[in-house]
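The block underneath contains the structure these notes are about, expressed in structure tokens.
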Amino acid sequence: MSDSSVYPPSEDFVRQANVSGIDAYRDLYERAKNEPEKFWGELAEKELFWFEKWNHVFEWDPPFVKWFPGAKTNMSYNCLDRHLEKRGNKYAIIWEGEPGDERKITYTGLHRLVCRFANVLKERGYKAGDRAIIYMPMLPELPVAMLACTRLGIIHSVVFAGFSSEALKARVQDLGATLVITADGGWRRGKEVRLKKAADEALEECPGVKDVIVLKRTGSQIEMKPGRDHWWHELEAEVSDQCEALPLDAEHPLFVLYTSGTTGKPKGILHTTGGYLLGITMTMKWIFDIKEEDVYWCAADVGWITGHSYIVYGPLSVGTTTVMYEGAPDTPAWDRWWRIVEKYKVNILYTSPTAIRALLRHGDEWPNQHDLSSLRLLGSVGEPINPAAWEWYYQVIGKKRCPIVDTWWQTETGSIMISPMPGAVPLKPGSATFPVPGVLPEVVGFDGKPVGPNQEGYLVIRRPWPAMMRTIWGDPKRYEEQYWSRVPGAYFTGDAARRDEDGYFWILGRVDDVMNVSGHRLSTMEIESALVKHPAVAEAAVVGKPDEITGQAVCAFITLKGGDHDHEKLAEELREWVSHEIGKFARPKEIRFAEALPKTRSGKIMRRLLREIVTTKEVTGDVTTLEDFSVVSKLAK
Ligand code: WTA
């Protein structure tokens, strides 16, 4: 690395930073490493509210961990009640709808909404340990529903509103949910996303669901099934706005969030209460450098882990003002985000490289029409950020004034794991830099032994951290196999990385059959299983193809069953098919029909070769296990 591509924080930023200067970071890191019990115990005491204290800070019985066993706390209390005295009149949520409507909700106001909705749930008989699916657009009632569940210990699972009815059904069934919370619809690029209709389809095969609570957003015609379906506003009108937060075990399950793995079946990642709360609270302070007067905007969707940790729980736990926007960045025009930054004087903006690249492509004139001088810190998440996108974000949006925190983490890790602290660490564009205190990452080879500087290897984590996933819902064996058995004694991230001569981490992407499309995780197997359900499809192999905007794009190779097919028509039909089976965001960008797929002699599809074909248009890698080379030469043409 040449010095010119290192960006130290400005003196002004360092002076005001929560972690000021590299020595302050090193000191935190060393203390967390050398005396984890003391380090986390003191922070938990100082930063959070507890009804009762713990017996131990953590118990590690690999691969299962407990943080703060014996203690009692409550997420909703930490996000709301404890702020009322000092921040009751401060805005907790500033929300803007895609059509331009706006709501500003104070901490007192949010507390009331959450208490009311918790009373609704209580009245209908829901209690700690029950499971609720939340399938809602980006409205303030989405965090309200989440916080109401956590207030009573009801385990929620938010299903991103872009998922189809089929995907929703699978999640309701896997979780054994008895309650579904949804809305009539939401707005996206001026069109209605009809959520209730999708929920109705899904629930035809979910007899376990007793109640569906429906928020009115678009006012469009929907069916309400008598006895099962209820309007949110009608139930809410009948209850009080006072509801005590229940003291819950620190290890009480908080939520399950489904994510794609290497098989066709999504995994329900389980997070619990106390450790998760501490992890997101500290990273808000260390990495987003939160100050009392900040307006903070994470432009992700609450349906993904980024939204759980850094739109809802993290920001509210530290008592900041969190901005939520319902719709698309190009509606009505490509300056929508910059309008929002200007209007609400946003100080901190957190988004994905895909969004940055899309904004970059539409030109500087959009941001340049707006006053972005309120911004002081920028963040990136979800995929590696390429230097060109980094530079644009830094210069055109941040005006060379704002550090960029490139945060590496996962649904499974709960909180940010590798990221610069903005007032401490000199940045290198494209590197997530250094680990967060308490995180012990390593780059290792096949044998689990660390590799040298600048050598590629697998990224693993050596020690449990507070916000770590606890298990896969209903499948502790899969948890153990997938995360803790590849490299004994270490958590296997599924990412490749290298560490440079200065100790900076560079994340290189997934090493398994998980793709990253627009910062969304998709499993090749999941899309393949959807495709082979189509009556015309014999076999399907899906790979990620490098894409200028979305990082990777879904590319499907298909062999067909006999008969005549109109390829163009069928390709469109298959795209629709995948939208219906999983969701629009999983639609293959490219579909290639083939006579045969490359296979090993034992009949396994060699996706590696397909990846090479879509990336470089030729195959240079090892083909000794390939059964029939002519297949590959035909495909490469
Ligand atoms: C990738 C999103 C490079 C990585 C929070 C990881 C990143 C997967 C970064 C998790 C980053 C996330 N740089 N790659 N800053 N952040 N990733 O579960 O491959 O949706 O394993 O969580 O995204 O995706 P997930």
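For clarity, every value in this text was computed on a predicted model and none was experimentally measured. Just follow the structure's listing: the first ligand is 1, and inside any ligand the first atom is 1. The residues of the chain are indexed from 1 along the displayed sequence.
Side-chain contact of E251 with T273: a donor-acceptor pair under 3.5 Å is absent, judged by distance alone. A donor atom on one side chain and an acceptor atom on the other are not found under 3.5 Å apart for S76 and T150.
At a heavy-atom distance under 4.0 Å, only backbone atoms of E383 (N, CA, C or O) approach ligand 1. Contacts of P384 with ligand 1, taken as heavy-atom pairs under 4.0 Å, involve both backbone and side chain.
Looking only at heavy atoms of the protein, atom 19 (O) of ligand 1 is closest to D495 OD1, 2.7 Å. The closest protein non-hydrogen atom to atom 10 (C) of ligand 1 is W409 O, 3.6 Å. Considering only non-hydrogen protein atoms, atom 24 (O) of ligand 1 sits nearest to R521 CD, 3.2 Å. Closest protein heavy atom to atom 18 (O) of ligand 1: T411 OG1, 2.5 Å.
Contacts classified as side chain to side chain donor-acceptor pair (under 3.5 Å) and involving residues 302-311 (residues at least two apart or in different chains) are given here: Y276-S309, T283-Y310, W304-H520.
The six-membered or imidazole ring of W465 lies away from that of W67, with a centre-to-centre distance of 6.0 Å or more.
Less than 4.0 angstrom separates some heavy atom of N516 from each of these atoms of ligand 1: 1 (C), 23 (O). Proximity to T407 (heavy-atom distance under 4.0 Å) selects the following atoms of ligand 1: 9 (C), 11 (C), 15 (N), 16 (N). Atoms of ligand 1 lying under 4.0 Å from at least one heavy atom of I507, given by number and element, are 3 (C), 14 (N). Residue-ligand proximity, V381 to ligand 1, at heavy-atom distances under 4.0 Å covers atoms 5 (C).
Looking at ligand 1, you'll find an N or O of D406 within less than 3.5 Å of one of its N or O atoms. Between E412 and ligand 1, a contact under 3.5 Å exists for no N or O pair. Taking distance alone, with nitrogen or oxygen atoms compared against 3.5 Å, T306 stays at or beyond that limit from ligand 1. Ligand 1 has an N or O atom lying under 3.5 Å from an N or O atom of R510, backbone or side chain. At least one N/O-N/O distance between Q410 and ligand 1 falls below 3.5 Å. Taking any N or O of G382, backbone or side chain, at least one lies under 3.5 Å from an N or O belonging to ligand 1.
Distance CG/L375 to SG/C402: 5.5 Å, rounded to 0.5 Å.
Between the choices W408, W506, F505, the shortest heavy-atom distance to atom 9 (C) of ligand 1 belongs to W408.
The 12-atom threshold is not exceeded at CZ of R361, counting heavy atoms of other residues, nucleotides or ligands nearer than 6.0 Å. Heavy-atom contacts from other residues, nucleotides or ligands closer than 6.0 Å to NZ of K399 number more than 12.
Take H362 and apply the ring-ring contact (aromatic ring centres under 6.0 Å, His included) test, not counting sequence neighbours, and it matches W334.
Nearest approach of P464 to V65, heavy atoms of both residues: CB-CG2, 3.8 Å. Nearest approach of W473 to D174, heavy atoms of both residues: NE1-O, 3.3 Å.
With respect to R357 and E383, a salt bridge is recorded, a charged nitrogen being found less than 4.0 Å from a carboxylate O.
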